[in-house]
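Take a look at the structure set out below.
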Amino acid sequence: MTTIQELPLFPLNTVLFPGGILPLRIFETRYLDMVSACLRADSGFGVVTIHEGTEAGSQPVTIHPVGTLARIVDFDQLDDGLLGITCLGVQRLRVVGHRVQPDQLLLGQARWLPDDPILPPLHSHEPLVRILRDLLEREELASYTRFLIPSWEDAAWVGNRLAEILPLPLGIRQALLEMTEPRQRLDILLAIFHEQRTA
């Protein structure tokens, strides 16, 4: 029987992939309390992509059911006085139910999804590996790469990083997150790259 765990959810207009880095600015009380609880318990929260609704405020949102467990790896007070946290994507999850706390924090009942199999990128994927190497050397990505653990022989790691960095529509990013075959994810990214080059 698959274990279901309840955990806080953070609906965002972004997609977090396993192994990815996500910086967040925290200002709403419900999320400040959530971060404090996660730091005390050394636990994480689910990052889920908003399907309909907005990030801030108490309006109800509808979410995509597949998201990623995030763990806080760094935090700091920002120049504007807000709390800044840096999160690491750990494992994909599927939200099978959720409820709203009185403080409007969303709590989800989540089932853990298996990790992608570790497979090397194919020879046809080499252009993507080169693109990713070039991107990660850029100065503007220094804060992102600081916490990355490179794994160039892992097609899932390469595909996940490209899906995060490249300027892709949110719906495509979400579809890539939900895929379970890492080489197929690279095939789709390669097709998108070729399409953009010839557009």
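- Atoms CG and CD1, from Leu32 and Ile85 in turn, are 9.5 Å apart once rounded to the nearest 0.5 Å.
- A donor-acceptor pair is defined here as one N or O able to donate and one able to accept, closer than 3.5 Å; such a pair exists between the side chain of Arg185 and the backbone of Leu176.
- Judged by distance alone, with hydrogens and angles left aside, the side-chain atoms of Thr68 form no donor-acceptor pair with the main-chain N or O of Gln91 at under 3.5 Å.
- Looking at Trp157 and Leu132, their side chains come closer than 4.5 Å, going by heavy atoms from C-beta outward.
- Side-chain atoms of His194 do not come within 3.5 Å of backbone N or O of Ala191 as any donor-acceptor pair.
- Minimum heavy-atom separation, Phe45 to Cys87: CZ-SG, 3.6 Å.
- Contact check for Ile165 versus Leu136: side-chain heavy atoms found under the 4.5 Å cut-off.
- Shortest non-hydrogen contact noted between Leu148 and Gly19 is CD2-O, 3.4 Å.
- For the atom pair OG1 (Thr3) and CZ (Arg111), the distance works out to 10.0 Å, reported to the nearest 0.5 Å.
- Using a 4.5 Å heavy-atom cutoff, the side chains of Thr29 and Asp103 are not in contact.
- Of all non-hydrogen atoms in Tyr31 and Leu105, the two that sit nearest each other are CE2-CD1, 3.7 Å.
- Arg92 places a side-chain N or O within donor-acceptor distance of the main-chain N or O of Leu177, the cut-off being under 3.5 Å.
- Residues Gln104 and Val100 meet the side-chain proximity criterion, which asks for heavy atoms closer than 4.5 Å.
- In the hydrophobic clustering of this structure, Leu190 does not group with Leu122; members are Ile, Leu, Val, Met, Phe, Trp, Tyr whose side-chain heavy atoms approach within less than 4.5 Å, directly or through other members.
- A side-chain donor-acceptor contact under 3.5 Å links Thr62 to the backbone of Glu52.
- A 4.5 Å side-chain heavy-atom check between Asp74 and Arg146 finds at least one atom pair inside the cut-off.
- Note: Asn160 CG to Leu186 CG = 9.0 Å, rounded to the nearest 0.5 Å.
- The backbone N or O of Gln5 sits nowhere less than 3.5 Å from a side-chain atom of Trp112 that would complete a donor-acceptor pair.
- A continuous path of Ile, Leu, Val, Met, Phe, Trp and Tyr side chains, each step under 4.5 Å between heavy atoms, connects Phe75 with Ile26, placing both in one hydrophobic cluster.
- In terms of heavy atoms, His125 sits closest to Asp187 at NE2-OD1, 2.8 Å.
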Given the rule in the side chain to side chain contact (heavy atoms under 4.5 Å, CB included) test, do Glu6 and Arg99 qualify, once you have shown the distances and angles that lead to the verdict?
CA-CA 10 Å; Glu6 186 168 75; Arg99 62 188 177 92; 2.9 Å; yes
With side chain to side chain contact (heavy atoms under 4.5 Å, CB included) as the criterion, how do Leu166 and Leu135 come out once you've worked through the C-alpha distance, each side chain's angles and the decisive distance to 0.1 Å?
CA-CA 9 Å; Leu166 292 176; Leu135 287 170; 4.1 Å; yes
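- Inter-residue side-chain proximity for Arg183 and Leu119 is flagged as met; some heavy-atom pair is nearer than 4.5 Å.
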Where do Val66 and Arg94 land on the side chain to side chain contact (heavy atoms under 4.5 Å, CB included) test, with the steps shown first?
CA-CA 4 Å; Val66 175; Arg94 179 180 292 279; 3.7 Å; yes
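- The distance from the CG atom of Leu128 to the CZ atom of Arg130 is 9.0 Å, given to the nearest 0.5 Å.
- With contacts defined as side-chain heavy-atom distances shorter than 4.5 Å, the pair Thr86/Phe147 qualifies.
- Annotation: the span from Asp42 atom CG to Ile72 atom CD1 amounts to 9.5 Å, rounded to 0.5 Å.
- Counting non-hydrogen atoms of other residues, nucleotides and ligands closer than 6.0 Å to CD1 of Ile118 gives a total of 12 or fewer.
- Atoms CG and CZ, on Leu16 and Arg173 in that order, are 11.5 Å from each other to the nearest 0.5 Å.
- Nearest heavy atoms, Cys38 versus Gly44: SG-O, 3.7 Å.
- Applying the ring pair (Phe, Tyr, Trp, His ring centres under 6.0 Å) rule to His98 yields no partners; only residues at least two apart in sequence or on another chain are considered.
- Under the 4.5 Å side-chain criterion, counting only non-hydrogen atoms from C-beta, Leu189 is in contact with Leu168.
- Remark: the Tyr144 side chain and the Arg138 side chain contain no N/O donor-acceptor pair separated by less than 3.5 Å.
- Among all heavy-atom pairs drawn from Ile21 and Glu164, the shortest one is N-OE2, 4.2 Å.
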